Chemist: 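Below is the structure I would like to discuss, written out as C-alpha cells.
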Amino acid sequence: MLDHFYSIISMTSNDEKAPKKRSIQGCKATLVAAKCAPPDALRAGFPDLKRLGTYFGIYLGVGTVIFYALKNDIRGHKTIDFIDSLYLCVVTMTTVGYGDLVPHSYNAQLVCIFFITVGMCLFGIAVKIAAKYLVVKQQMVMVNALRMSRKMGPVEALKEIESVKIDYNKLKISLIAMAGHYVIGIFVLLTVEGMDFTDAIYCAFTTMTTTGFGDETFQEPFGRMFAVFWISTGTSCVGQLFLYIAEIYTDIETKKLAKQVISNNIIAKTDLEAADDIKDGKVYGAADMILYKLKEKGKIKQDDISVAMKDLNDVIKDVDVDDVTPPKSAQEK
C-alpha cells in the first residue's frame, strides 16, 4: 500500500512530463524505485533493529555465563552444564518457564529476578519498534494521499486509493511458517524425546504459546539444544504474526481515513460548484447550499427547506432576469 502511493507521488511531484498515473510495477521496474523509500526525515528517527538484535545476543550470552556459574544453585533435571545453562536462559527469556530447571538459592533467585527484568525491558523496546513502524507507515500513507489529492485532484486521488489492495501475503506466509515450525517440533519430540503423539502435540503447543506448564518438557541433551533454537524462533514467529495482523488492521483503517479525508475535500468542492448551478431546478444558488448544510447539521428540518425552496421558486418565476436593465453609471448619464 505504501509503495503504491510512493510510485504515484514520485511521478506527479518529480516528473512534470510523465503521466499522472503509474502502477507499482512501473515503480519497481525503473530507477524511480529508489524514490519509493520513506523520506530521510522519517527514516532518521526509526530505531535500529540490528542494534536491538545485538542487545539480545549480549543478553543471552551474559545470561548463559551467569547461569553456568550458578549451576550448583540450579535444581531440576540436568544433562550437560553448558546446554542446561543456555536452555534455562532461553526458556526464561521467552517466558516459557517450564520449571524443569529452577534456581533454589537466594543468590540464584536474585540473579533470575534481574535477568527477567532486563529481558522484559528488551521486549518492551521491541514492542516500541513495532509500534513506531506502524505509526510511521500510517503517517506516510496519509502524507502521500494528501500529496496525490493536491497533484492529481481529489477525484483521481480517491480512485487511486480505492484501487489499492491490502496485502495479506505476509500474514499467509507467517501462518505457513508457524505450521511448519510446529510440525518440526512435534517430530523432534516424537523421535528424540520419545513422547506419545498426543503428548508431543500438547508440549509443542504449550511451548509455542509460551504457556509452558512443565509437565512435558525437553529432557535429552540434543532435545534441549534443539529447544534453544526452536523456542527462540517459535516465539519470534508468534510475535511476527501479531505484528502482521496489526499491520493489516492499520492498513485497512488508514485506507478508510485517507478516503474520508479526500472525500470531504470532494464534497466541499462539489457543494461550492453547485452553489452557482441553476439547472434542472435543483439548485438555485448559495442560499440553497446553506439550507442543505443547515439540514445536514440538524439545525433545520426538511419541511423548512421545502417551504423555503417553494418561496424561492415563486420568486424566480416572477422575476425575468433578461428583462432587467442595469442602471447607467454616472459617466454614461
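Residue numbers count from 1 along this sequence. Small disclaimer: the values here were computed from a predicted structure and weren't measured.
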Chemist: Do Thr79 and Tyr87 pair up side chain to side chain, a donor and an acceptor below 3.5 Å, judged on atom types alone?
Modeler: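 Distance-only check fails for Thr79 and Tyr87.
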Chemist: Answer whether the closest heavy-atom distance between the side chains of Asn144 and Met140 falls below 4.5 Å.
Modeler: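 Of all side-chain heavy-atom pairs linking Met140 with Asn144, at least one is under 4.5 Å.
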Chemist: Specify the closest pair of heavy atoms between Met142 and Val261, including all atoms of both residues, with the distance to one decimal.
Modeler: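 Of all heavy-atom pairs spanning Met142 and Val261, the closest is CE-CG2, 4.0 Å.
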Chemist: Can you find a pair of side-chain heavy atoms, one from Glu247 and one from Lys170, that are under 4.5 Å apart?
Modeler: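 They are in contact (side-chain heavy atoms under 4.5 Å apart), so the answer is yes.
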Chemist: Just how far is it from atom CG of Leu88 to atom CD1 of Ile83, taken to the nearest 0.5 Å?
Modeler: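 Separation between the atoms: 13.5 Å.
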Chemist: Linking directly or through intermediates, with side-chain heavy atoms under 4.5 Å: list the remaining ILVMFWY members grouped with Phe229, chain and number order.
Modeler: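 Listed partners: none, Phe229 stands alone.
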Chemist: Check for a donor-acceptor pair, side chain of Lys71 on one end and backbone N or O of Ser85 on the other, with a separation under 3.5 Å.
Modeler: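 Checking the backbone N and O of Ser85 against the side chain of Lys71, no donor-acceptor pair under 3.5 Å is found.
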Chemist: Could you tell me the separation between the CG atom of Leu122 and the CE atom of Met93, rounded to the nearest 0.5 Å?
Modeler: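 That separation rounds to 9.0 Å.
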Chemist: Give me the atom names and distance for the closest heavy-atom approach of Pro103 to Ile74.
Modeler: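 What the structure gives for the nearest pair is CA-CD1, 3.8 Å.
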Chemist: Do Glu216 and Leu189 come close enough that some side-chain heavy atom pair is under 4.5 Å?
Modeler: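 Of all side-chain heavy-atom pairs linking Leu189 with Glu216, none is under 4.5 Å.
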Chemist: Under 4.5 Å between side-chain heavy atoms, counting indirect links through other Ile/Leu/Val/Met/Phe/Trp/Tyr residues: same cluster for Val62 and Leu70 or not?
Modeler: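 Val62 and Leu70: one cluster.
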Chemist: Please answer: with hydrophobic residues joined when any side-chain heavy atoms are less than 4.5 Å apart, are Val90 and Leu52 in the same cluster?
Modeler: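 Hydrophobic grouping puts Val90 with Leu52.
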Chemist: Once you round to the nearest 0.5 Å, how far does CG of Leu101 lie from NZ of Lys78?
Modeler: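 So the gap between those two atoms works out to 7.5 Å.
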Chemist: Is Ser163 reaching over with its side chain to a backbone N or O of Glu160, donor-acceptor style, under 3.5 angstrom?
Modeler: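 Judged by distance alone, yes, a pair lies under 3.5 Å.
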Chemist: Applying ring pair (Phe, Tyr, Trp, His ring centres under 6.0 Å) as the test, list every pair that has at least one member in residues 49-71; sequence neighbours left out.
Modeler: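 Found Phe56-Phe123, Tyr59-Phe115, Phe67-Phe115.
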Chemist: Are any of the side-chain heavy atoms of Leu175 and Leu241 separated by less than 4.5 Å?
Modeler: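 Yes - at least one pair of side-chain heavy atoms lies under 4.5 Å apart.
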Chemist: Nearest 0.5 Å, please: how far is CD in Gln219 from NE2 in His77?
Modeler: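 Those atoms lie 4.0 Å apart.
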Chemist: Between Ile66 and Leu86, is there a shared hydrophobic cluster once you connect ILVMFWY residues whose side-chain heavy atoms come closer than 4.5 Å?
Modeler: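 Per the 4.5 Å side-chain linkage, Ile66 and Leu86 are not co-clustered.
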Chemist: If you look at every heavy atom in Ala145 and Ala258, which pair is closest and at what distance?
Modeler: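 Here Ala145 and Ala258 meet closest at CB-CB, 4.0 Å.
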Chemist: Which pair of non-hydrogen atoms, one from Ile166 and one from Ile248, has the smallest distance, and what is that distance?
Modeler: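 Shortest heavy-atom contact: CG2-CG2, 4.0 Å.
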Chemist: With side chains defined as the heavy atoms from C-beta onward, is the minimum distance between Ile231 and Thr207 less than 4.5 Å?
Modeler: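 Ile231 vs Thr207: side chains touch.
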Chemist: With under 30° as parallel and over 60° as perpendicular, where do the rings of Phe218 and Phe226 fit, or are they tilted in between?
Modeler: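 Plane angle between 30° and 60°, so tilted.
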Chemist: Determine which pairs satisfy side chain to side chain donor-acceptor pair (under 3.5 Å) with at least one residue from residues 188-202, sequence neighbours left out, and list them in order.
Modeler: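 For residues 188-202: Tyr202-Asp215.
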Chemist: Check the pair Lys137 / Thr250 against side chain to side chain contact (heavy atoms under 4.5 Å, CB included), numbers first and verdict last.
Modeler: CA-CA 9 Å; Lys137 183 176 182 180; Thr250 303; over 6 Å; no
Chemist: Working to the nearest 0.5 Å, report the span between CD1 of Ile262 and CG of Leu257.
Modeler: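 Nearest 0.5 Å value for the CD1-CG distance: 9.5 Å.
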Chemist: Any sub-3.5 Å donor-acceptor pair from Thr206's side-chain atoms to Cys203's backbone N or O?
Modeler: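 Such a contact is found between Thr206 side chain and Cys203 backbone.
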Chemist: Using a 4.5 Å cut-off between side-chain heavy atoms of Ile, Leu, Val, Met, Phe, Trp and Tyr, which other residues end up in the same hydrophobic cluster as Met120?
Modeler: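 Answer for Met120: Ile116.
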Chemist: Minimum heavy-atom separation for Ser174 to Gln240, with atom names?
Modeler: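 That would be OG-C, 4.3 Å.
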Chemist: Rounded to the nearest 0.5 Å, what's the gap from CG on Leu171 to CG on Leu243? Could you check?
Modeler: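 CG of Leu243 is found 10.5 Å from CG of Leu171.
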Chemist: Check whether Leu158 and Met148 end up in the same hydrophobic cluster, where Ile, Leu, Val, Met, Phe, Trp and Tyr are linked by side-chain heavy atoms less than 4.5 Å apart.
Modeler: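 Linked, Leu158 and Met148 end up in one cluster.
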Chemist: Would you call Val96 and Thr211 a side-chain contact if the rule is heavy atoms closer than 4.5 Å?
Modeler: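 Of all side-chain heavy-atom pairs linking Thr211 with Val96, none is under 4.5 Å.
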Chemist: Are there over 12 heavy-atom neighbours, none belonging to Met225, within less than 6.0 Å of that residue's CE?
Modeler: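 Result for CE/Met225: open.
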Chemist: Taking side-chain hydrogen bond (donor to acceptor under 3.5 Å, both in side chains) as the test, write out the residues that go with Lys256, two or more places apart.
Modeler: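 Listed in chain order: nothing, the list is empty.
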Chemist: Under the side chain to side chain donor-acceptor pair (under 3.5 Å) definition, can you give me all pairs with a residue in residues 175-188, not counting sequence neighbours?
Modeler: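 For residues 175-188: His181-Trp230, His181-Thr233.
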Chemist: Is Arg224 paired with Asp100 through a side-chain N to carboxylate O contact shorter than 4.0 Å?
Modeler: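 Yes.
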Chemist: Give the cluster check for Val118 versus Val91: same hydrophobic cluster or not, with ILVMFWY residues linked at side-chain heavy-atom distances below 4.5 Å.
Modeler: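 Yes.
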Chemist: Can you tell if the side chain of Ile161 reaches within under 4.5 Å of the side chain of Lys255, non-hydrogen atoms only?
Modeler: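 Side-chain contact under 4.5 Å: yes.
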Chemist: How about Tyr133 and Ile129: do any of their side-chain heavy atoms sit closer than 4.5 Å?
Modeler: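 Contact flag for Tyr133/Ile129 side chains = no.
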Chemist: Quick one, Tyr106 with Asp73, criterion side chain to side chain contact (heavy atoms under 4.5 Å, CB included). Give me CA distance, side-chain angles, the key distance, then yes/no.
Modeler: CA-CA 9 Å; Tyr106 180 72; Asp73 296 325; over 6 Å; no
Chemist: Ignoring hydrogens, what is the shortest heavy-atom contact between Met208 and Val238? Give both atom names and the distance.
Modeler: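 Where Met208 meets Val238 most closely, the heavy atoms are O-CG2, 3.5 Å.
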